[in-house]
Amino acid sequence: MSATVELRHGGYLDSVALMQVSRDVAAVPGVGSALVAMATELNVDLARGMGFTVPAEAGPNDMLVALETEDPAARAAALDELEAALRRVSQSPAGVGASAEAPPLTTGAAARRLAADGPGVALVSTPGRYAFTEAVDALDAGLHVMVFSDNVPLEQEVALKEYAATLGGGLVMGPDCGTAVLGGVGLGFANVVRPGPVGIVAASGTGAQHLMCLLDGAGVGVSHCLGVGGRDLSGPVGARSTLRALDLLAADPDTQVIVLVSKPPAAEVARRVEAHARGLSTPVVLALLGPEEADLTRVAHRVVDAAGASWAEPEESSGSLDHGRPGGMLRGLFAGGTLCDETMLLAAPVLGEIRSNVPLRPEWALPDPATSLGHTVLDLGDDRLTAGRPHPMIDQSLRVARISQEVADPLCGVLLLDVVLGHGATADPAAELVAAVEEAVTAGVPVVVSLVGTRDDPQDRARQRAMLHAAGAAVHASNSAATRAALDLLARE
């Protein structure tokens with residue numbers, strides 16, 4: 001293997017786009033590893049950790065290209081794919097060169113130009129340490145702002161949302177806001193859903209996606225989905241963005257029902273939100289996950305009823321399994337944090353202690369997320385596991401490796417996975433998992449999958465389901481149904 005390292009000056013693309021470019025280049029035959037990223041301190045450290053020598057002059061305004069290839073032919077093919085991938089992600093909907101107007105050089109200039117065309121939303125997707133300043137520029141220009149960036153300090157989140165309130169009500173979605181749908185336009189990780197009367201406020205990403213997909217399957221559409229970040233209903237943040245988002249949807253004539261979905265909130269914040277919701281003219285369905293509300297599929301049923309439609313049960317499993325492997329421990333490997341929480345809330349009353357990197361109780365914290373203990377359910381998209389690397393909805397390589405690790409553990413009784421479709425997610429997630437699923441099933445470990453998607457998602461939900469089923473997995477459209485199926489397998493064993 002030989003290494004190639006380049007710095008490209010003056011060519012900026014956001015981190016999500018460059019993650020996709022890195023994946024495309026790494027998939028070229030003969031490429032051992034590939035990193036295409038802005039040369040921030042974090043990404044430079046990551047490249048050096050991968051064994052590359054990065055020039056000392058590298059700075060955050062440079063694009064860093066680091067490749068490990070088998071031979072000159074593979075290097076040439078990788079560089080060709082790099083140029084093609086950069087062209088793909090750089091093209092605007094109107095096409096390259098469609099406008100002769102020079103692009104703005106700063107976030108503030110871009111925000112002012114966008115605001116001049118009327119109320120809009122700025123999407124911030126920079127490394128977390130830089131996101132605060134960029135978001136303030138957008139708010140100052142009169143825009144709402146979606147902060148896709150993760151690893152933003154908690155105190156900066158609080159300050160940003162307090163500042164938005166002093167300006168008269170700009171909405172701060174995030175930080176770590178992975179999903180939003182505004183008038184049918186998806187931002188971040190978003191499924192293709194029909195328009196309709198339901199407005200969603202989401203302190204969760206995959207929770208919002210799962211809810212939208214369940215509603216879409218029942219024939220009920222969405223007006224807007226406003227993400228607020230997973231920490232918004234924590235004690236320190238105090239639901240600042242949630243309350244503002246509820247007010248915005250209540251004032252929207254196209255929204256007839258509002259649903260608030262959140263990971264387990266702080267108790268005092270939940271009470272404040274409930275009181276606020278009761279004072280709105282638009283009915284609000286609360287889905288604040290916890291011991292009393294642990295099933296998003298049942299929430300979807302309530303929302304469909306509130307919208308005056310008829311509930312349609314999610315598709316049943318397209319595969320069946322007899323029992324778990326002797327030893328009987330549940331192992332869940334999730335890309336979606338809310339789906340991870342939902343599974344633990346449903347499984348803990350049956351199994352007792354469930355270890356996790358995002359535990360239901362502090363004493364259930366997993367000492368080392370790299371090693372499972374007993375019943376273990378992991379959120380592989382947690383900030384602490386994605387620093388410097390792609391989210392597992394973009395790159396599943398770490399999850400694939402972890403599946404093999406779990407299968408090698410004789411205490412692993414059942415594997416539970418989520419596969420989330422939609423814009424922003426990897427183009428063919430089932431294909432990336434098939435070999436690992438087959439390995440598990442061959443070793444006697446049953447695999448249960450919750451498939452989150454709609455019929456119109458670009459990955460072709462029916463094809464994804466068929467591939468996972470052919471590999472030996474049982475596939476459910478409801479994460480709660482998948483969890484109960486996994487528990488049933490352990491009980492049979």
Side-chain angles (χ1 to χ4, degrees), residues 1 19 22-23 26-27 29 31-34 49-51 68 319 321-337 339-340 343 347 354-358 366-382 384-386 388-420 425-451 464-465 467-475 482-483 485-486 489-490 493:
M1 288 281 184
M19 286 178 185
S22 295
R23 278 188 52 80
V31 175
S33 59
M50 296 169 67
E68 186 181 46
L321 304 169
D322 292 331
H323 55 76
R325 179 203 253 177
M329 296 296 176
L330 176 66
R331 299 290 165 80
L333 304 176
F334 284 86
L339 303 183
C340 176
T343 287
I354 298 179
R355 295 291 190 133
S356 179
N357 60 323
V358 288
L366 196 62
D368 180 4
T371 304
S372 296
L373 294 174
H375 300 296
T376 296
V377 175
L378 295 175
D379 173 11
L380 298 177
D382 181 64
R384 291 163 292 185
L385 299 182
T386 58
R389 59 174 55 131
H391 191 281
M393 283 169 58
I394 297 174
D395 183 350
Q396 297 193 94
S397 57
L398 287 179
R399 179 153 69 162
V400 168
R402 185 58 180 257
I403 290 173
S404 295
Q405 176 183 326
E406 298 295 349
V407 170
D409 182 354
L411 293 179
C412 176
V414 174
L415 272 174
L416 181 59
L417 313 173
D418 63 341
V419 174
V420 183
T426 183
D428 198 357
E432 297 173 7
L433 290 170
V434 160
V437 170
E438 290 176 340
E439 175 191 358
V441 173
T442 300
V445 179
V447 179
V448 183
V449 175
S450 60
L451 180 63
Q464 298 294 313
R465 172 183 286 270
M467 292 176 65
L468 292 165
H469 183 204
V475 186
T483 300
L489 288 169
L490 291 177
E493 185 278 320

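- Residues Pro392 and Leu385 form no side-chain contact, since every pair of their non-hydrogen atoms from C-beta on lies 4.5 Å or further apart.
- The nearest pair of heavy atoms linking Glu406 to Ser372 is OE2-OG, 2.6 Å.
- The line from CZ of Phe334 to CG of Leu378 is 10.0 Å long, rounded to the nearest 0.5 Å.
- The pair Arg325-Asp409 does not meet the salt-bridge criterion, since no charged nitrogen lies less than 4.0 angstrom from a carboxylate oxygen.
- A 4.5 Å side-chain heavy-atom check between Val377 and Leu416 finds every atom pair outside the cut-off.
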Set out, in order, the CA-CA distance, both residues' side-chain angles and the distance that settles side chain to side chain contact (heavy atoms under 4.5 Å, CB included) for Leu411 and Arg331, then state yes or no.
CA-CA 9 Å; Leu411 293 179; Arg331 299 290 165 80; 3.9 Å; yes

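- Taking CD of Gln464 as the reference point, atom CG of Leu433 lies at 9.0 Å (rounded to 0.5 Å).
- Side chain of Gln405 to main chain of Ala370: a donor-acceptor pair is present (N/O by atom type, distance under 3.5 Å, no hydrogens or angles).
- Nearest approach of Gly472 to Val441, heavy atoms of both residues: O-CG2, 3.8 Å.
- When each of Asp418, Thr483, Val419, Val420 is checked for a side chain to side chain contact (heavy atoms under 4.5 Å, CB included) with Ser450, only Asp418 meets the rule.
- Gly336 and Asp379 make their closest contact through C-OD1, 4.2 Å (heavy atoms, listed as atom of the first residue, atom of the second, distance).
- To the nearest 0.5 Å, the span separating CG on Leu366 from CG on Asp368 amounts to 7.0 Å.
- Considering every non-hydrogen atom in both Leu330 and His375, the closest pair reads N-ND1, 3.0 Å.
- Without hydrogens or angle criteria, Arg402 side chain to Ser397 main chain gives no donor-acceptor distance under 3.5 Å.
- Rounding to the nearest 0.5 Å gives a distance of 6.5 Å between CG of Asn357 and SG of Cys340.
- By the 4.5 Å heavy-atom criterion applied to side chains, Val358 and Arg384 are counted as neighbours.
- Screening Leu398, Val445, Leu415 against Ile403 for a side chain to side chain contact (heavy atoms under 4.5 Å, CB included) leaves a single residue, Leu415.
- Within the 4.5 Å cutoff, the side chain of Arg355 has heavy atoms near those of the Pro367 side chain.
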Would Thr426 and Gln396 count as a side-chain hydrogen bond (donor to acceptor under 3.5 Å, both in side chains) here? Give the steps.
CA-CA 8 Å; Thr426 183; Gln396 297 193 94; 5.6 Å; no

Full working for side chain to side chain contact (heavy atoms under 4.5 Å, CB included) between Ile394 and Arg23
CA-CA 8 Å; Ile394 297 174; Arg23 278 188 52 80; 3.6 Å; yes

